[in-house]
Amino acid sequence: MILIDGKQISASLKESIREQVALLPEKYGRVPHLVVVRVGEDPASVVYVRNKAKACEACGIRNTTIVLPEETSESALLEKIYALNADDSVDGILVQLPLPGHISEAKVIETIAREKDVDGFHPLNVAGLWQKTPHMAPCTPSGIMKLLEAVGVDPKGKRAVVIGRSNIVGLPVAKMLLDANATVTTCHTRTVDMPSVTREADILVVAAGRPKMVTADMVKEGAVVIDVGMDRDPETGKLCGDVDFDAVAPKTMAITPVPGGVGPMTIACLMENTLKCFLSLRA
Ligand code: GUN
């Protein structure tokens with residue numbers, strides 16, 4: 001069984017980005033600049049936003065983190081985004097989700113200029129993924145595809161099963177696996193007899209958001225399992241994934257740990273997207 005080391009794979013991706021970024025000032029006069037906006041004090045968002053700033057530092061990318069109070073109005077946030085869209089010193093804009101309930105996430109996502117949309121959430125970037133036209137790809141799905149590549153797993157001809165159908169992970173990763181020539185099935189809360197579906201998977205991607213929901217009986221011997229979960233074990237309170245790791249890992253060919261699997265890849269892909277935005281704004 002291979003433990004897929006997302007920390008190491010993301011570190012080498014970040015190192016490659018750092019080398020590319022180091023060459024930019026000579027040609028363009030400055031390094032890329034990512035602005036991350038956090039509204040309120042959601043504890044997970046505080047950690048994620050801090051990690052994004054750290055990754056920028058590791059890659060030599062300029063980072064500005066803007067923290068707005070929980071009570072910020074939707075119109076004030078949209079005004080902030082308009083200003084960042086118009087600011088030529090800013091290449092990438094990320095508004096950390098979830099947002100407080102009084103702010104429409106859909107409005108925020110469509111207000112960020114698609115050229116600066118490092119998350120790949122803008123409707124035009126989503127359309128680009130589904131229509132195979134140029135687009136910014138969402139970070140977690142891209143990170144998953146890179147992990148598969150790093151462990152030498154080509155999805156072509158394989159059966160891939162995705163649990164979850166969110167806009168952020170489930171739907172786009174299913175599309176990317178399809179484009180990589182896997183045969184893809186998506187499962188969700190209404191799926192009847194989920195184990196009979198997941199047992200067919202050569203590649204199982206789990207983005208269900210439920211601690212330890214994937215048990216050993218749901219996994220085929222020799223499968224590759226990618227756990228996108230970031231949960232708390234209800235018994236121990238410790239960080240865990242959507243997969244019951246101790247029970248499932250021995251059956252797999254390769255599996256991602258939580259933490260240290262998909263999470264670091266998401267952030268490395270964010271750095272890659274920031275560089276991509278910088279370059280395409282100058283093409
Ligand atoms: N919240 C959890 N994951 C993400 C992400 O990838 N991007 C943003 N903007 N917010 C998130």
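Just so it is clear, the structure is predicted and the values come from calculations on it, not from any experiment. For ligands, and for the atoms within them, numbers begin at 1 and follow the listed sequence.
- Counting non-hydrogen atoms of other residues, nucleotides and ligands closer than 6.0 Å to NZ of Lys158 gives a total above 12.
- A donor-acceptor pair is defined here as one N or O able to donate and one able to accept, closer than 3.5 Å; such a pair exists between the side chain of Asp227 and the backbone of Asp242.
- Taking a cut-off of under 4.0 Å to the non-hydrogen atoms of Val95, the atoms of ligand 1 that pass are 8 (C), 9 (N).
- At under 3.5 Å, not a single nitrogen or oxygen of Leu94, backbone or side chain, sits near a nitrogen or oxygen of ligand 1.
- For atom 6 (O) of ligand 1, the closest non-hydrogen atom of the protein is Asp119 OD1, 3.7 Å.
- Of all protein heavy atoms, the one closest to atom 1 (N) of ligand 1 is Leu97 O, 2.8 Å.
- Surrounding CD of Glu105 are more than 12 heavy atoms belonging to other residues, nucleotides or ligands, all under 6.0 Å away.
- Ranking the protein heavy atoms by distance from atom 11 (C) of ligand 1 puts Gln96 NE2, 3.4 Å first.
- Between Arg38 and Glu41 there is a salt bridge, since a side-chain N of the basic residue sits under 4.0 Å from a carboxylate O of the acidic one.
- Side-chain atoms of Asn273 come within 3.5 Å of backbone N or O of Val118 as a donor-acceptor pair.
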